[in-house]
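Okay, so here's the structure we're looking at.
Note that the numbering runs from 1 along the sequence shown for the chain.
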Amino acid sequence: MPDIRSPLRYLWWNARRQSRALLTGIAFATLWWLVQALVPAVLGKGVDAVRAQDTRALVTWSAILLGLGLVQAVTGIMRHRFAVFNWLSAAYRTVQLTARHAARLGATLPKRLSTGEVVSVGNSDIAHIGGSMDILLRGTGAIVAIVTVTVILLSTSLPLGLLVLFGVPLMALAVGPMLKPLHRRQKRHRDLTGDLSTRSADIVAGLRVLRGIGGEQVFAGRYREESQRVRHAGVGVARVESLLEGAQIVLPGLLIALVTGLGASFAIADEITPGQLVSFYTYAVFLIGPMRTITETADRLTKGHVAARRVVRILAIEPEMTGGTDAAAVGGVLRDSYSGVTVLPGRLTALAAGAPEDATVIADRLGRYSAGDVTFGPADLATLPIDEVRARILVADNGARLFTGRLRDELDVHGTASAEQIQQALYAACAEDIVEALPDGLDAQVAEAGREFSGGQQQRLRLARALLADPEVLILVEPTSAVDAHSEARIAERLAKARAGKTTLICTTSPLVLDRTDQVIYVRDGRVHAEGTHRDLLDTSPAYAATVTRGED
């Protein structure tokens with residue numbers, strides 16, 4: 001993990017990770033610029049050779065010019081190759097780093113950041129971070145080229161050399177005041193783009209509901225308003241960028257005019273040769289390239305700094321839940337001290353709560369997704385490594401998503417289940433008919449978020465996936481809330497057989513499921529209120545009976 005205290009430190013860390021490729025690319029870029037910087041001098045020597053009618057000197061300088069052209073071609077190709085390599089390395093290292101950190105954050109990430117902010121890193125920020133590494137090659141070479149040209153001009157004509165020596169820094173200072181407003185406008189544009197991405201993701205995810213209540217036009221109007229704000233912010237960025245682009249033409253053009261005019265007056269006065277005049281003019285034209293590159297360097301580094309700030313904001317987030325370093329636990333009873341919920345090993349236990357959110361809160365504590373005094377056998381759950389907790393205790397709720405890819409890979413996430421085991425899990429989840437209806441069966445491609453499946457079908461497929469994971473402790477939160485009563489009865493019966501002898505907790509208030517469990521724990525106001533079998537609690541706990549029968553006699 002890099003030092004994430006500032007965007008500049010992140011960019012510096014990125015540069016250090018690819019320092020060899022970066023330095024090699026800078027060497028090729030510098031040589032590429034230097035060769036171009038020598039061409040005007042050689043061209044001037046050739047002009048003087050023509051004027052002096054020196055054939056041998058003309059051939060020599062022509063051969064040198066040809067050699068410089070060949071070297072320029074080779075170094076240009078290598079510079080570009082290393083530029084692309086450095087761009088890709090910095091960009092996709094950022095993707096890998098943020099993806100790994102997002103996986104490490106787990107349930108913390110959606111609580112702290114919107115979807116749009118995370119998506120914006122992959123959509124635009126990686127390009128700007130890669131561009132900030134790419135421009136270092138040409139930017140460094142451009143500075144060396146300007147210094148070289150200045151030295152050549154000073155050695156040939158002191159006034160012309162001084163004109164270039166002072167003119168170039170003045171042009172660089174002239175574009176400086178534009179960078180701060182550009183920085184500010186780019187940040188606002190990126191923030192608005194991230195918000196718009198979040199809005200669009202919410203609309204797409206809830207489109208079915210919006211159409212059901214007739215709210216699609218309202219949300220479409222809000223999207224249009226936000227997109228217009230993004231457009232106006234983009235136009236604001238473009239205004240400053242257009243001024244920078246214009247400065248890249250106007251300022252070097254003024255320098256060319258001054259150098260050419262002064263050089264022409266020196267040539268008329270026989271203070272310099274015609275060849276030197278040609279060289280001075282060519283140098284003035286040549287300086288447009290390095291000067292534009294320096295301006296582009298400032299622009300790209302500014303964009304990279306803005307993008308790095310967003311990446312740093314993600315990397316600075318720490319997981320709400322962290323694990324300890326204790327040795328592996330031997331397992332056993334899983335107990336939440338606050339609520340008193342105790343999950344006995346090898347038994348199918350149900351958790352029925354008067355308020356559904358109480359069951360969710362307890363499940364999160366038992367799975368170490370929120371803080372709590374929870375013990376797993378003799379060990380405190382908070383002292384165990386978080387990876388071990390995730391491997392041994394699985395909390396499967398209806399917020400889990402189906403991802404794009406083959407259905408077989410989606411169900412068997414570890415890729416170790418046999419065909420028979422997959423069929424058994426589908427049978428237990430009452431999901432065989434879903435697979436049979438697909439043209440390619442288990443090899444069918446699942447669309448984004450499993451949108452081709454109904455809510456009940458998605459729920460059954462998620463249950464099959466949880467059963468295939470076969471954790472030591474399986475906690476299911478409302479696993480049958482979206483299926484019909486007949487399917488629910490079959491799932492309850494098959495689930496009890498599939499998890500026989502294994503530790504399982506089902507958070508539900510469905511009588512069909514509760515009647516198939518070994519033990520039921522009734523929670524009221526976040527605490528255990530009664531325990532026993534489903535039928536015993538119906539007779540002994542009026543509050544439980546009212547909860548699971550929905551107040552019916």
Side-chain angles (χ1 to χ4, degrees), residues 7-8 10-11 80 83-84 86-88 90-91 94-95 114-139 142 168 170-201 203 220-256 287-314:
L8 288 176
Y10 177 74
L11 293 174
H80 182 69
V84 173
N86 281 289
W87 190 100
L88 294 174
T94 300
V95 171
S114 66
T115 303
E117 279 194 276
V118 181
V119 170
S120 293
V121 172
N123 281 349
S124 61
D125 291 338
I126 63 168
H128 296 313
I129 291 174
S132 66
M133 295 294 111
D134 164 28
I135 199 62
L136 288 177
L137 278 63
R138 288 186 291 121
V168 170
L170 286 175
M171 285 188 290
L173 290 174
V175 300
M178 303 180 195
L179 297 179
K180 190 172 182 179
L182 177 63
H183 195 158
R184 184 175 60 252
R185 295 186 184 194
Q186 286 174 339
K187 180 181 181 302
R188 172 172 167 74
H189 182 245
R190 277 169 177 73
D191 290 342
L192 289 174
T193 302
D195 293 341
L196 185 63
S197 298
T198 301
R199 172 76 68 182
S200 60
I203 292 175
R222 294 177 183 175
Y223 182 85
R224 280 193 294 269
E225 292 176 4
E226 291 190 26
S227 66
Q228 288 302 308
R229 284 198 290 270
V230 173
R231 183 179 69 84
H232 289 307
V235 171
V237 173
R239 286 195 183 101
V240 182
E241 288 184 337
S242 64
L243 291 176
L244 282 173
E245 288 291 330
Q248 292 176 1
I249 301 297
V250 173
L251 296 178
L254 292 175
L255 184 62
I256 290 174
L287 284 174
I288 294 178
M291 280 302 304
R292 293 194 64 174
T293 300
I294 290 176
T295 308
E296 183 185 358
T297 301
D299 179 39
R300 288 204 184 185
L301 290 178
T302 300
K303 291 179 179 178
H305 185 271
V306 174
R309 180 176 296 171
R310 189 192 300 273
V311 175
V312 165
R313 186 162 61 235
I314 294 177

- Message: Walk me through whether Asn86 and Asp134 qualify under side-chain contact (heavy atoms from CB on, under 4.5 Å).
- Response: CA-CA 6 Å; Asn86 281 289; Asp134 164 28; 5.7 Å; no
- Query: Given the rule in the side-chain contact (heavy atoms from CB on, under 4.5 Å) test, do Glu226 and Leu192 qualify, once you have shown the distances and angles that lead to the verdict?
  - Reply: CA-CA 8 Å; Glu226 291 190 26; Leu192 289 174; over 6 Å; no
- Take Leu8 and His305, measure what side-chain contact (heavy atoms from CB on, under 4.5 Å) needs, and give me the verdict at the end. CA-CA 7 Å; Leu8 288 176; His305 185 271; 3.7 Å; yes
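Partners of Arg239 under the side-chain hydrogen bond (donor to acceptor under 3.5 Å, both in side chains) rule, at least two apart in sequence or in another chain, do not exist in this structure. For Ala142, the side-chain contact (heavy atoms from CB on, under 4.5 Å) partners are Trp33, Pro290, Thr293, Ile294, not counting sequence neighbours. Among residues two or more places apart in sequence or in another chain, the side-chain contact (heavy atoms from CB on, under 4.5 Å) test is passed with Ala308 by Pro7, Tyr10, Leu11. In this structure Leu88 satisfies the side-chain contact (heavy atoms from CB on, under 4.5 Å) test together with Val84, Tyr92, sequence neighbours excluded. For Glu296, the salt bridge (Lys or Arg N to Asp or Glu O under 4.0 Å) partners at least two apart in sequence or on another chain are Arg138, Arg300. For Arg313, the salt bridge (Lys or Arg N to Asp or Glu O under 4.0 Å) partners are Glu117, not counting sequence neighbours.
Between Ile129 and Ala307 the shortest heavy-atom distance is CG1-CB, 3.9 Å. Nearest heavy-atom pair, Ser132 versus Gly304, reported as atom, atom and distance to 0.1 Å: CB-CA, 4.2 Å.
Thr94 has its side chain out of reach of Asp125: every pair of non-hydrogen atoms, C-beta onward, lies at least 4.5 Å apart.
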